[in-house]
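In what follows, every chain begins at residue 1, and chains take the letters A, B, ... in the order their sequences are listed.
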2 protein chains.
Amino acid sequence: MSLRIALLGLLSASGPASGYDLTKKFETSLAHVWQAGHSQIYPELAKMAADGLITVEAEGARGRKIYTITPDGRDALHRWLVGHSPSAVPRSEIALQAFLAPLLEPEEALAVLERMKATFEERLRELERLGDPRSKKGYGKYALDLGIRQARMAVGWATDSIADLKASGGAV
Amino acid sequence: MSLRIALLGLLSASGPASGYDLTKKFETSLAHVWQAGHSQIYPELAKMAADGLITVEAEGARGRKIYTITPDGRDALHRWLVGHSPSAVPRSEIALQAFLAPLLEPEEALAVLERMKATFEERLRELERLGDPRSKKGYGKYALDLGIRQARMAVGWATDSIADLKASGGAV
DNA sequence: GTCCGCATGTAAGAAGTTACATGATTCT
DNA sequence: AGAATCATGTAACTTCTTACATGCGGAC
């Protein structure tokens, strides 16, 4: 369902696009929000067209198909945004590793936390490169802000957890 | 893979347990970290036993099977904790909704953000009920702290986004 | 004795990943 | 002519969700 919504959202916000275009947008503007490769996107677009949510507006070179959102599609998107209360499906490899890290020897646990911290810092830098959400406009702004805060929070958590682990001398 | 790791982690940390016990632990101690129902857990346990990572240590009443982690299982768990760098698979319905919310009319977007804020506050209360991670011991402590910080961050984000939306009068 | 919680499973389908496969166009 | 990029698809497999199905044991 969410993939479908993401595609409808992109078509609604940026206008007609091909599967290829949409795949690129997943790699760029949607990268920190939702993930999907072309092998998932192409079949989904076909199903959405069959369901009347989008239509092939034009066919370009190399068999390129340009999809447009239909009124039905806009409806479905609107209904989801207004009516769907998203659940934070708790399935995070990072949290799982954090959960289990205390099973390790203290030095090993420390190394794991340090590695995580480095990952978070890298992620934070990447998101900050995308621009300052306060000065940005349009759709994507709130999500970028959320991503940056998330990364910052994670760096802080890792820093404090490392300090805690060192202070306790591993006596968790 | 991660489900397997989570199961190995529980067996390693809390000792022998049945599929039923493990399912309960997913509902309680692991609830904010990883999600899985019994219909996923039972077949996975069978596969893990076939792979030699766990064994049936005893059979109790009602066909209850008590699994224990084997040295091979401990090995696999250790290797994952030390060697696997978890990727933050970006797939969050919440971020997606935040991303697309500016497509809505301002009042509608506001309602969506308010609803999210309420959800985060509820989640924060739930996690705080589980105890103060600073005073807690053992495995699970760091993950709980992470969860609480996450929820707090999200409440702050929603609050600020609502204020921003109100200030801009919807002129995103 | 019947209801509730314990306890285990299967099946069908949706969603996501990785790899395979193919052909057109543009650039050098 | 060859390489890179555009552009679309399929297939096999893993993971996850929802629903169906069954039976034991203890409490009242």
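Phosphate contact (OP1/OP2 of C:dG9, side-chain N/O of B:Tyr42, threshold under 4.0 Å): absent. OP1 or OP2 of C:dG9 has at least one side-chain nitrogen or oxygen of B:Lys65 nearer than 4.0 Å. When the side-chain nitrogen and oxygen atoms of A:Tyr20 are compared with OP1 and OP2 of D:dC6, one or more of them lie within a distance under 4.0 Å. Under 4.0 angstrom from either OP1 or OP2 of D:dG23 there lies no side-chain N or O belonging to B:Arg64.
Put simply, CD1 on B:Ile41 is 14 Å from P on C:dA7, counting in whole angstrom units. Straight-line distance from the CD atom of B:Gln40 to the C1' atom of C:dA15: 12 Å, rounded to whole Å. Following rounding to the nearest Å, A:Asp51 (CG) and C:dA14 (P) show an atom-to-atom distance of 11 Å. Across the protein-nucleic acid pair, A:Leu22 atom CG and D:dC6 atom C1' stand 15 Å apart, rounded to whole Å. Atom P of nucleotide C:dT17 and atom CD of A:Glu93 are separated by 11 Å, given to the nearest angstrom. Atom CZ in A:Arg4 sits about 11 Å away from atom C1' in C:dA14, given to the nearest Å. Here D:dG9 presents its C1' atom at 14 Å from NZ of A:Lys47, a figure rounded to the nearest Å. A:Leu3 places its CG atom 6 Å from the P atom of C:dG16, with the value rounded to the nearest Å.
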Report task. Please test A:His78 against B:Glu108 for side-chain hydrogen bond (donor to acceptor under 3.5 Å, both in side chains), starting from the C-alpha separation and ending with a verdict. Result -> CA-CA 10 Å; A:His78 185 261; B:Glu108 287 180 320; 2.7 Å; yes
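Ion pairing between A:Glu128 and A:Arg125 fails under the 4.0 Å rule for side-chain N and carboxylate O. Salt bridge status for A:Arg149 with A:Asp145: present, with a side-chain N to carboxylate O gap under 4.0 Å. Using a cut-off of 4.0 Å between Lys/Arg side-chain N and Asp/Glu carboxylate O, A:Asp21 and A:Lys25 are scored as not salt-bridged.
The side chain of B:Trp34 has D:dC16 as its nearest neighbour among C:dT17, C:dA24, D:dC16.
You'll find a donor-acceptor pair under 3.5 Å spanning the side chain of A:Ser39 and the base of C:dT18, going by distance alone.
For the residue pair B:His84/A:Glu93, the side-chain donor-acceptor check at 3.5 Å is satisfied.
Looking at which nucleotide of DNA chain C each of B:Lys24 and B:Tyr67 is closest to, the 5′-most match is held by B:Lys24.
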